[in-house]
Engineer: 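The structure that follows is given in the form of structure tokens.
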Amino acid sequence: MRKIILSMHTSLDGFVGGKNGELDWIKFNDEMFDLVGKFSDEADAALYGRVTYQMMENYWPTAADKPAPTKHEIEHSNWYNKVTKIVLSRSMQGKHLSNTIFISENIPNEINKLKQQKGKDILIFGSPTAVHHLMQFNLIDDFWLFLNPIILGQGIPLFAGIKDKIKLKLLTTKEFSCGVTGLNYTIDK
């Protein structure tokens with residue numbers, strides 16, 4: 001069975017975006033990009049909410065073609081262009097784009113069908129609204145949380161709308177030279 005793996009930056013107080021969705025507080029470096037590259041190697045699909053999908057579509061398809069792209073931009077652009085994109089969106093229902101699946105109804109059932117298909121893992125980068133919805137139905141299998149050394153005080157919470165406890169088991173931690181700590185959890189069954 002395919003796993004859904006979340007990769008998300010968070011503040012110490014549990015926010016994944018500022019009060020207006022800003023992300024300028026996130027720290028990252030090449031070590032983190034290398035780790036994300038390893039996630040990508042094990043995945044053949046990416047799951048997004050509409051807002052994050054549109055943001056990704058505006059950048060990643062041509063990121064490798066820009067003047068002097070970084071190693072990460074080249075690798076992630078190539079990965080993004082070949083994987084299946086799964087987009088949770090009511091407003092984009094009925095759209096037909098190459099290599100893209102839009103899910104607007106019966107989300108838990110449709111995601112479970114995708115998890116049952118043969119293939120590699122499904123990655124979620126960002127997409128807090130989609131993550132909130134998936135967590136309500138325990139559809140995320142592994143969490144890579146990148147804990148940034150900042151307290152935002154307010155913003156978009158990582159955990160919202162959860163009805164029942166979700167027990168997690170810590171698999172590993174990774175300290176990055178930029179001050180971020182990566183925490184890798186799996187569902188504790």
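Worth saying up front: this structure is predicted, and the values here are computed from it rather than measured. Positions are given from 1, in the same order as the sequence printed here.
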Engineer: Quick check: closest heavy atoms across A46 and W79, and the distance to 0.1 Å?
Structural biologist: CB-CH2, 3.7 Å
Engineer: Ignoring hydrogens and angles, write down the donor-acceptor pairs under 3.5 Å from the side chains of residues 55-62, residues two or more places apart or on other chains.
Structural biologist:
from, atom 1, to, atom 2, distance (Å)
E57, OE2, Y80, OH, 2.6
N58, ND2, Q54, O, 3.1
Y59, OH, E73, OE2, 2.2

Engineer: How far apart are the closest heavy atoms of V83 and D44, and which atoms are they?
Structural biologist: CB-O, 3.5 Å
Engineer: So L47 and I111, do their side chains get closer than 4.5 Å, heavy atoms only?
Structural biologist: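 The answer is yes, as the side chains (C-beta and beyond) meet within the 4.5 Å cut-off.
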Engineer: Check whether any side-chain heavy atom of F146 lies under 4.5 Å from a side-chain heavy atom of S7, and answer yes or no.
Structural biologist: yes
Engineer: Nearest 0.5 Å please: distance from the CG atom of L147 over to the CD atom of E175.
Structural biologist: 11.0 Å
Engineer: Go through it in stages, so that I can follow the logic: the residues are V16 and V131, the test is side-chain contact (heavy atoms from CB on, under 4.5 Å), and I'd like the CA-CA distance, side-chain angles, deciding distance and then a yes or no.
Structural biologist: CA-CA 11 Å; V16 297; V131 168; over 6 Å; no
Engineer: I'd like to know if the side chain of N29 reaches the main chain of E31, judged simply by a donor and an acceptor atom lying under 3.5 Å from each other, with no hydrogens or angles considered.
Structural biologist: yes
Engineer: Which value, rounded to the nearest 0.5 Å, describes the distance between I151 atom CD1 and L12 atom CG?
Structural biologist: 5.5 Å
Engineer: Taking side chain to side chain donor-acceptor pair (under 3.5 Å) as the definition, give me every residue that meets it alongside D13, ordered by chain and number, with sequence neighbours left out.
Structural biologist: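 Partners of D13 under the side chain to side chain donor-acceptor pair (under 3.5 Å) test: S11.
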Engineer: Report the distance from atom OG1 of T100 to atom OH of Y53, rounding to the nearest 0.5 Å.
Structural biologist: 4.0 Å
Engineer: What pairs of donor and acceptor atoms, side-chain ones from residues 161-173 against any protein atom, are under 3.5 angstrom apart with sequence neighbours left out?
Structural biologist:
none

Engineer: Going through the checks in order, is the side-chain contact (heavy atoms from CB on, under 4.5 Å) test met by L114 and T84?
Structural biologist: CA-CA 11 Å; L114 290 170; T84 300; over 6 Å; no
Engineer: Do L134 and L6 have side chains that get closer than 4.5 Å, going by heavy atoms?
Structural biologist: no
Engineer: Please report the shortest heavy-atom distance between I86 and A45, naming the atom on each side.
Structural biologist: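 That would be CD1-CB, 4.1 Å.
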Engineer: About how many Å separate CD1 of I150 and OG1 of T10, when rounded to the nearest 0.5 Å?
Structural biologist: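 Answer rounded to 0.5 Å: 11.0 Å.
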Engineer: Backbone N or O of D142 within a donor-acceptor pair of the N184 side chain at under 3.5 Å?
Structural biologist: no
Engineer: Which distance, rounded to the nearest 0.5 Å, do you find between the NE2 of H133 and the CD of Q136?
Structural biologist: 6.0 Å
Engineer: Hey, mind stepping through H76 and F125 against ring pair (Phe, Tyr, Trp, His ring centres under 6.0 Å) and telling me if it holds?
Structural biologist: CA-CA 12 Å; H76 199 75; F125 293 113; 5.5 Å; yes
Engineer: Can you name the residues that form a side-chain contact (heavy atoms from CB on, under 4.5 Å) with N109, not counting sequence neighbours?
Structural biologist: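 For N109 the side-chain contact (heavy atoms from CB on, under 4.5 Å) partners, ignoring immediate neighbours, are N106.
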Engineer: Is the side chain of S89 donor-acceptor paired with the backbone N or O of R50 at a distance under 3.5 Å, no angle test?
Structural biologist: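 No, the answer is negative, given that no donor and acceptor are paired below the 3.5 Å cut-off.
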Engineer: Name the one of K3, K115, R2 that satisfies salt bridge (Lys or Arg N to Asp or Glu O under 4.0 Å) with D141?
Structural biologist: K115
Engineer: Check K120 with D41, please: is the shortest side-chain N to carboxylate O separation under 4.0 Å?
Structural biologist: no
Engineer: What distance separates F176 CZ from D34 CG, expressed to the nearest 0.5 Å?
Structural biologist: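 CG of D34 is found 9.5 Å from CZ of F176.
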Engineer: Search all heavy atoms of A64 against all heavy atoms of P69 and return the closest pair with its distance.
Structural biologist: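 For A64 versus P69, the nearest heavy atoms are O-CG, 3.4 Å.
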Engineer: Taking only residues two or more places apart in sequence, or in another chain, which ones meet F39 in a ring-ring contact (aromatic ring centres under 6.0 Å, His included)?
Structural biologist: W144
Engineer: Between I107 and V87, is there a shared hydrophobic cluster once you connect ILVMFWY residues whose side-chain heavy atoms come closer than 4.5 Å?
Structural biologist: no
Engineer: Between N148 and K27 (side chain of the first, backbone of the second, donor and acceptor by atom type, cut-off under 3.5 Å), is there such a pair?
Structural biologist: yes
Engineer: With no hydrogens and no angle check, is any side-chain donor or acceptor of N99 less than 3.5 Å from a backbone partner on K85?
Structural biologist: no
Engineer: Taking ring-ring contact (aromatic ring centres under 6.0 Å, His included) as the test, write out the residues that go with H132, two or more places apart.
Structural biologist: none
Engineer: Under 4.0 Å between a side-chain nitrogen and a carboxylate oxygen: does that hold for D30 and K71?
Structural biologist: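 Judged by the 4.0 Å cut-off on N to carboxylate O distance, D30 and K71 do not form a salt bridge.
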Engineer: Return yes if some donor-acceptor pair links the side-chain N/O of S127 with the main-chain N/O of Y48 below 3.5 Å, else return no.
Structural biologist: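 Pair absent, no side-chain N/O of S127 close to backbone of Y48.
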Engineer: State, without any angle test, whether S40 and E75 hold a side-chain donor-acceptor pair at a distance under 3.5 Å.
Structural biologist: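 Judged by distance alone, the side chains do not pair up.
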Engineer: Closest heavy-atom contact between T52 and G126?
Structural biologist: OG1-C, 4.4 Å
